[in-house]
Amino acid sequence: MAAASRAIAERTPLVDLILEVRDARIPLSSQFDQLKDQPPSSKRVIVLNKMDLANGAEVKEWMSYMEHQKQICYGVNSHNRDNIKKFLNFLQAHMRQLKKIDYSSSTITMMLVGVPNVGKSALANSLHKVGRVGAAEKGKLKHATVSPLPCETKDISSFKIASNPNVYVLDTPGILPPVINETEICSKLALTGTIRDSLVGEKELAMYFLSMLNSSEEYKKWAELSSAQTGRMLADCEAACASSSDLDMKGKRRYPSDHTQDFIVDDVRRTLYEEASSFQRKLAKSKDCMRLIELQLEALPEAFRVPLEFGDDSFVKVSKKLLNLYRTGRLGHYTLDSVPNHSHLIL
Ligand SMILES: Nc1nc2c(ncn2[C@@H]2O[C@H](COP(=O)(O)OP(=O)(O)OP(=O)(O)O)[C@@H](O)[C@H]2O)c(=O)[nH]1
């Protein structure tokens with residue numbers, strides 16, 4: 001990381017635009033340490049990526065806050081082609097404005113920087129794919145390594161994202177600050193995948209997620225799953241899925257990065273809702289919150305169909321499954337950082 005950090009620092013004054021990629025779920029905790037104390041500049045855009053996983057209303061508040069701070073900010077979902085097209089148009093318009101007269105004759109370079117796993121490589125790939133097709137470029141597409149694990153990008157690579165003028169984007173390795181003193185920031189970074197789960201512990205992270213879920217409104221949306229009738233429908237659905245899987249494996253619904261069946265997800269949601277709603281009145285006391293989390297963790301193995309015979313290992317397995325569902329957006333949308341001093345903002 002130290003070498004990559006130096007390489008980024010050397011290139012920073014040479015590029016036309018810095019795209020500081022942050023995770024829209026943690027717009028503050030995922031800020032890039034090297035740019036933390038820099039004043040706002042027209043040469044820097046804060047890109048809030050993974051918008052599809054964050055709470056839309058809260059991200060809007062964050063964007064207004066950043067605008068108020070004179071920071072240029074743009075929200076994207078790197079997996080959404082239309083969104084990437086709009087972002088590319090925005091970048092080109094912004095560069096045109098920055099370069100003014102000599103825009104068409106110049107070669108423009110942008111650099112993606114950020115902490116690990118915020119989606120820099122996914123964004124580089126998407127911009128390259130969309131831009132190259134738009135510019136009718138021939139030749140093979142390049143591919144940056146995209147992974148759910150942090151720190152997979154090892155080198156700086158360049159991707160062409162537009163022609164006339166030529167625009168290149170540099171993908172860089174994720175960099176963390178040398179020390180993170182606050183435990184809460186560590187938990188947020190781990191929950192969103194910026195640092196490895198093992199550094200905090202899977203069970204501890206699952207508990208952190210549950211505390212966030214229980215203090216949000218998200219689980220209340222799952223009330224309808226709680227009725228007895230729905231329970232019967234789920235059992236029927238489960239039986240139907242089991243028999244159809246024997247006959248036709250190809251027909252089963254699959255998620256790109258999460259293979260949990262829908263009826264299991266519904267059972268997990270129902271379990272979390274039922275435990276939380278029966279505790280609702282006592283949530284103000286933190287001791288009760290811990291007890292609720294324990295109860296939820298005790299109830300989840302059944303919902304996930306994980307046998308309890310392996311003791312603590314069963315809970316680690318359940319925790320991993322729970323984290324996986326959260327990270328693919330199937331347990332709601334959350335923004336974990338609150339907007340600072342937002343009372344003075346007109347939103
Ligand atoms: N849901 C969602 N997932 C995303 C998005 N962008 C990236 N991801 C996922 O986030 C994970 C990390 O993406 P990468 O592109 O490898 O992240 P990175 O910042 O290059 O990571 P490092 O190599 O650690 O620096 C992958 O599993 C991606 O598929 C997005 O907009 N939405």
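All values reported here derive from a predicted model rather than from experimental measurement.
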Item to check | Working for side chain to side chain donor-acceptor pair (under 3.5 Å), residues N55 and E218 | outcome: CA-CA 10 Å; N55 176 300; E218 287 284 316; 4.7 Å; no
Next on the checklist: Show, in sequence, the C-alpha distance, side-chain angles and deciding distance for D262 and R330, and conclude whether the salt bridge (charged side-chain N to carboxylate O under 4.0 Å, His left out) test is met.
Outcome noted: CA-CA 10 Å; D262 285 353; R330 297 176 79 189; 2.8 Å; yes
Next on the checklist: Between N117 and T194, does the side chain to side chain donor-acceptor pair (under 3.5 Å) criterion hold? Intermediate values first, please.
Outcome noted: CA-CA 5 Å; N117 214 40; T194 292; 5.7 Å; no
Checklist entry - Would E20 and R22 count as a salt bridge (charged side-chain N to carboxylate O under 4.0 Å, His left out) if you check the C-alpha gap in whole Å, the side-chain angles of each, and the deciding distance to 0.1 Å? => result CA-CA 6 Å; E20 184 193 345; R22 297 190 192 179; 3.0 Å; yes
Item to check | Test log, rule side chain to side chain donor-acceptor pair (under 3.5 Å), inputs E302 and T271 | outcome: CA-CA 9 Å; E302 194 183 333; T271 303; over 6 Å; no
Item to check | side-chain contact (heavy atoms from CB on, under 4.5 Å) between R81 and S126, worked out | outcome: CA-CA 7 Å; R81 193 183 168 80; S126 299; over 6 Å; no
Next on the checklist: If you apply the rule salt bridge (charged side-chain N to carboxylate O under 4.0 Å, His left out), what do you find for K188 with D337, and how did you get there?
Outcome noted: CA-CA 9 Å; K188 288 177 185 175; D337 286 333; 2.8 Å; yes
Next on the checklist: Before you tell me yes or no, could you show the steps for R270 and E274 under salt bridge (charged side-chain N to carboxylate O under 4.0 Å, His left out), namely the whole-Å CA-CA distance, both residues' side-chain angles and the distance that decides it to 0.1 Å?
Outcome noted: CA-CA 6 Å; R270 186 173 47 74; E274 283 174 357; 3.7 Å; yes
Item to check | Step-by-step side-chain contact (heavy atoms from CB on, under 4.5 Å) determination, I108 to N166 | outcome: CA-CA 6 Å; I108 291 159; N166 291 333; over 6 Å; no
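The CG atom of L91 sits 10.5 Å away from the CG atom of L98 when rounded to the nearest 0.5 Å. Considering CG of D82 and NZ of K85, their distance stands at 6.0 Å, rounded to 0.5 Å. Expressed to the nearest 0.5 Å, how far CZ of R25 lies from NE2 of H333 amounts to 10.0 Å. Here the straight-line distance linking atom OG1 of T12 with atom CZ of R44 works out to 11.0 Å at 0.5 Å rounding. The structure places CD1 of I161 at 8.0 Å from CZ of F87, a figure rounded to the nearest 0.5 Å. Between D266 atom CG and E224 atom CD the span is 9.0 Å, to the nearest 0.5 Å.
The main-chain N or O of K320 is never found under 3.5 Å from a side-chain atom of N324 such that the two would form a donor-acceptor pair. Here the side chain of N77 pairs no donor or acceptor atom with the backbone of D52 at under 3.5 angstrom. A donor-acceptor pair under 3.5 Å is formed between the side chain of R11 and the backbone N or O of A7. Looking at R327, its side chain never comes within 3.5 Å of a backbone N or O of L322 through a donor-acceptor pair. Judged by distance alone, with hydrogens and angles left aside, the side-chain atoms of N125 form a donor-acceptor pair with the main-chain N or O of A144 at under 3.5 Å. Looking at S29, its side chain never comes within 3.5 Å of a backbone N or O of I26 through a donor-acceptor pair. In this structure a side-chain-to-backbone donor-acceptor pair under 3.5 Å is missing from N49 to D23. One N or O on the side chain of S314 and one on the backbone of P307 form a donor-acceptor pair closer than 3.5 Å. The backbone N or O of L149 sits less than 3.5 Å from a side-chain atom of S147, completing a donor-acceptor pair. A donor-acceptor distance shorter than 3.5 angstrom exists from the side chain of H94 to the backbone of S42, with no hydrogens or angles considered.
A tilted orientation is assigned to the rings of F209 and Y326, their planes being inclined by 30° to 60°.
Across G131 and L88, no two heavy atoms sit closer than the pair CA-CD2, 3.5 Å. Smallest separation of non-hydrogen atoms from E275 and A299: OE2-CB, 3.6 Å. Nearest heavy-atom pair, P173 versus K120, reported as atom, atom and distance to 0.1 Å: C-CE, 4.1 Å. Counting all heavy atoms, side chain and backbone alike, Y334 lies closest to L213 at OH-CD1, 2.8 Å.
With a 6.0 Å radius and a threshold of 12 heavy atoms from other residues, nucleotides or ligands, K70 has its NZ atom at or below the threshold. Atom NZ of K86 sits in a sparse spot, with 12 or fewer heavy atoms from other residues, nucleotides or ligands closer than 6.0 Å. The neighbour count for K43 NZ, taken as heavy atoms of other residues, nucleotides or ligands under 6.0 Å away, is above 12. The number of heavy-atom neighbours closer than 6.0 Å to CD of E184, taken from other residues, nucleotides and ligands shown, is 12 or below. Within 6.0 Å of CD on E67 lie no more than 12 heavy atoms contributed by other residues, nucleotides or ligands.
Side-chain contact annotation: T153 with S121, donor-acceptor N/O pair under 3.5 Å present.
Under the 4.5 Å side-chain criterion, counting only non-hydrogen atoms from C-beta, I84 is not in contact with N80. Using a 4.5 Å heavy-atom cutoff, the side chains of L336 and Y208 are in contact. Proximity of T109 to L14: side-chain heavy atoms (C-beta onward) are nowhere separated by under 4.5 Å. Between S158 and V169, every side-chain heavy-atom pair lies at or beyond the 4.5 Å cut-off. With contacts defined as side-chain heavy-atom distances shorter than 4.5 Å, the pair N214/C289 does not qualify. Taking the side chain as every heavy atom from C-beta outward, M290 and M207 approach each other to under 4.5 Å. Put simply, the side chain of L35 reaches to within 4.5 Å of the side chain of V113, judged on heavy atoms. Side-chain contact between F304 and I264 is present, with at least one heavy-atom pair separated by less than 4.5 Å.
Using a 4.5 Å cut-off between side-chain heavy atoms of Ile, Leu, Val, Met, Phe, Trp and Tyr, with links allowed through other members, V146 and I195 fall into different hydrophobic clusters. Cluster membership for I293 and W222, using ILVMFWY side-chain heavy atoms within less than 4.5 angstrom, is shared. Linking ILVMFWY side-chain heavy atoms closer than 4.5 Å, directly or via other members, places Y168 and L112 in two distinct hydrophobic clusters. Both L28 and M66 belong to a common hydrophobic cluster when Ile, Leu, Val, Met, Phe, Trp and Tyr are linked at side-chain heavy-atom distances under 4.5 angstrom. Linking ILVMFWY residues whenever their side-chain heavy atoms come closer than 4.5 Å, directly or via other members, leaves L53 and V339 in distinct clusters.
A salt bridge links D267 with R305; the closest basic N to acidic carboxylate O contact falls under 4.0 Å.
Checked against salt bridge (charged side-chain N to carboxylate O under 4.0 Å, His left out), D155 has no partners two or more places apart in sequence or in another chain.
Tested against I72 for a side-chain contact (heavy atoms from CB on, under 4.5 Å), the candidates V45, V47, I46 yield a single pass: V45.
Taking the six-membered ring where the residue is Trp, the centroids of Y74 and F90 are separated by under 6.0 Å. Taking the six-membered ring wherever Trp is involved, the centroid distance between the rings of Y65 and W62 falls below 6.0 Å.
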